[in-house]
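Notes for the one structure printed next.
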Number of protein chains: 2
Amino acid sequence: MDDVSNTKRGRGRPRAFDTQNVLSRAQDAFWNGGYAATSLDNLVIATGLNRPSLYSAFGDKHALYMAAFTKALQDTVATLSDLLSIDEPLQQALMRLFALATDTYRTGETGQRGCFFISTAVVEAVGDAEIRESLRLALDEMDRLFEDRFLRAQRVGELPTEADIPIYAKLTTAMLNGMAVRARAGADAQTLTRMGRGLTTLILDANARQND
Amino acid sequence: MDDVSNTKRGRGRPRAFDTQNVLSRAQDAFWNGGYAATSLDNLVIATGLNRPSLYSAFGDKHALYMAAFTKALQDTVATLSDLLSIDEPLQQALMRLFALATDTYRTGETGQRGCFFISTAVVEAVGDAEIRESLRLALDEMDRLFEDRFLRAQRVGELPTEADIPIYAKLTTAMLNGMAVRARAGADAQTLTRMGRGLTTLILDANARQND
DNA sequence: CATATTTTGTACTGATCCGCATATAATTAG
DNA sequence: CTAATTATATGCGGATCAGTACAAAATATG
């Protein structure tokens, strides 16, 4: 929007950084260490900006985190939307989803860092109403994406009409959360993959009974 | 073990506190705010002990947390063992389990605090190898308890011989983790209960096909 | 070229952090 | 009753925390 690469240049000295890039770096920093344990010195090093630049561009530490959170949610929704829009059987879609999650959750410079929301927002959610609401919103957003996908599968006949789609969506989100927790605890790729396949198989098998 | 109520009194001034009780208070403090954001001043207030007493009894902040973690795991294993040892159908056992989780995760003075391990250990797991290993151990321990229960169900004929018990156990643990995340985000009891019932139904329905 | 405006860089502030030094209190051993 | 031992209480100290003041740098305007 208002980064250096964009045309609309103001009056004074031009910014020497790209806003989205800085937010990505800040996101990485929070993702590794969590919100509370990530100091402004850490953020200064991670982003390459100095403190006053960070403050003038984003506000205080909390505001910077919220900006990183918002970007993380946007990126997640975009990625999942693309992934779920592929025209393929439900089973393949779910397997693809969980495979991507496995890769994402196991990535990280300092170690397997899991999911940004689980690794940073969950702890703060009790003492910070804004983070709590944002976390709730992010989870609901994921539910919604999965609901849409399951509804599509239902329309195609891959799921029966009596299938409880809203619950399936929440189970899918919960499984991702569980996989993120496991990844952060050091689980290997095979374990995560098997978990995803486990839920996938369960959903498909449970609905494969009545084929009249 | 070595608390004031116990007989074996040493030489000097007797302790004015109960070790297990202090650990419970410390556990509550960490549970609410997480490890990093819970200061020693918080812990002093929460436990009622002053700093030197805390340090001489448990060591530094990290050691105190690890002691609280260990106690939390012991308590969890004890509770789950009791709950899963009840002689009842698998469906009832799972529903009882998830009902207990719903209640536990929604309890808390300052708000719905979820699961101790998810709320405190997950964030620290990347930067702290000891916490990471303990978290892995705790998750594995829960898996083991659920595996035992599913194996018992299999022996009784509630699950077929080809059922993938180890995965069912991990899915159960993951669902508890997902519920804990949701609870911390402010989810109501109905949502959590439905999630638990969702997985329970899925496991039972997926295995109810081949009744020859 | 001079001035206004915005960003950057350095350094600082008061608060809070964790851990400990020191002194007092309470108990046992002799 | 005296000495040894352990726990409690107060308060300190260096490090780190989040946030900001102030000056230098870089651009646009006139």
Side-chain angles (χ1 to χ4, degrees), chain A residues 1-23 25-26 29-30 33-68 120 123-124 127-128 130-131, chain B residues 1-23 25-26 29-30 33-68 120 123-124 127-128 130-131:
Chain A
M1 287 293 188
D2 56 311
D3 56 348
V4 72
S5 63
N6 232 334
T7 47
K8 194 64 160 297
R9 200 149 78 184
R11 267 257 272 174
R13 177 174 179 171
R15 281 186 172 171
F17 60 89
D18 174 77
T19 302
Q20 295 303 309
N21 197 281
V22 168
L23 282 181
R25 303 299 185 89
F30 285 127
Y35 175 77
T38 300
S39 70
L40 268 161
D41 287 329
N42 294 145
L43 291 166
V44 163
I45 294 172
T47 61
L49 302 198
N50 44 36
R51 297 165 100 88
S53 295
L54 277 176
Y55 274 85
S56 77
F58 303 101
D60 63 6
K61 178 184 175 183
H62 192 264
L64 174 59
Y65 173 76
M66 294 310 299
T120 67
V123 208
E124 312 299 328
D128 189 318
E130 193 178 354
I131 294 183
Chain B
M1 287 293 186
D2 55 314
D3 56 349
V4 72
S5 62
N6 231 334
T7 46
K8 193 65 160 298
R9 200 151 77 185
R11 265 261 270 171
R13 178 173 176 171
R15 283 187 172 169
F17 60 89
D18 173 79
T19 302
Q20 295 302 308
N21 197 280
V22 167
L23 281 181
R25 303 298 185 92
F30 286 126
Y35 175 77
T38 300
S39 70
L40 267 161
D41 287 329
N42 294 145
L43 291 166
V44 163
I45 293 173
T47 60
L49 301 198
N50 43 36
R51 296 164 102 89
S53 293
L54 277 177
Y55 273 85
S56 77
F58 304 99
D60 63 7
K61 180 185 173 182
H62 192 265
L64 174 58
Y65 173 76
M66 294 311 301
T120 67
V123 210
E124 312 299 327
D128 189 317
E130 191 178 356
I131 293 182

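In what follows, every chain begins at residue 1, and chains take the letters A, B, ... in the order their sequences are listed.
- At least one donor-acceptor pair closer than 3.5 Å links the side chain of A:K61 to the backbone N or O of A:T38.
- If you measure from atom CZ of B:R15 to atom P of D:dT5, you get 18 Å, rounded to the nearest angstrom.
- Applying the salt bridge (charged side-chain N to carboxylate O under 4.0 Å, His left out) rule to B:R51 yields the partners B:D41; only residues at least two apart in sequence or on another chain are considered.
- Atoms CZ (A:F17) and P (C:dT6) sit 14 Å apart, rounded to a whole Å.
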Seminar exercise, completed: Its contact letters, B for base, S for sugar-phosphate only and - for none at protein heavy atoms under 4.0 Å, make nucleotides 12-21 of chain D read -----SBBBB
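- In this structure, A:S53 does not reach the C:dT7 phosphate: none of its side-chain N or O atoms is under 4.0 Å from OP1 or OP2.
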Restricting to nitrogen or oxygen on both sides, can you table the protein-nucleotides 25-30 of chain C pairs closer than 3.5 Å?
residue	atom	partner	partner atom	Å
C:dA25	N3	B:R13	NH1	3.3
C:dA26	O4'	B:R13	NE	3.4
C:dT27	O3'	B:R9	NH2	3.3
C:dT27	O2	B:R11	O	3.2
C:dT28	OP1	B:R9	NH2	2.8
C:dT28	O4'	B:R11	O	2.5
C:dT28	O2	B:R11	NH1	3.2
C:dA29	O4'	B:R11	NH1	2.5

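- Distance CG/B:N21 to CG/B:L49: 9.5 Å, rounded to 0.5 Å.
- Interatomic distance, B:L43 CG to B:N50 CG, rounded to the nearest 0.5 Å: 13.0 Å.
- With 3.5 Å as the limit, one finds a donor-acceptor pair spanning the side chains of B:Y65 and B:T120.
- B:R25 CZ to B:T47 OG1: the interatomic distance, rounded to the nearest 0.5 Å, is 8.5 Å.
- Distances shorter than 4.0 Å separate none of the side-chain N or O atoms of A:N50 from OP1 or OP2 on C:dT8.
- If you measure from atom CG of B:L64 to atom C1' of C:dC18, you get 13 Å, rounded to the nearest angstrom.
- In this structure, B:Y35 and B:F30 have parallel ring planes: the angle between them is below the 30° cut-off, well short of the 60° mark.
- Side-chain atoms of B:L64 and B:L23, non-hydrogen and from C-beta on, do get closer than 4.5 Å to each other.
- Atom CZ in A:F58 sits roughly 13 Å away from atom C1' in C:dT7 (whole-Å rounding).
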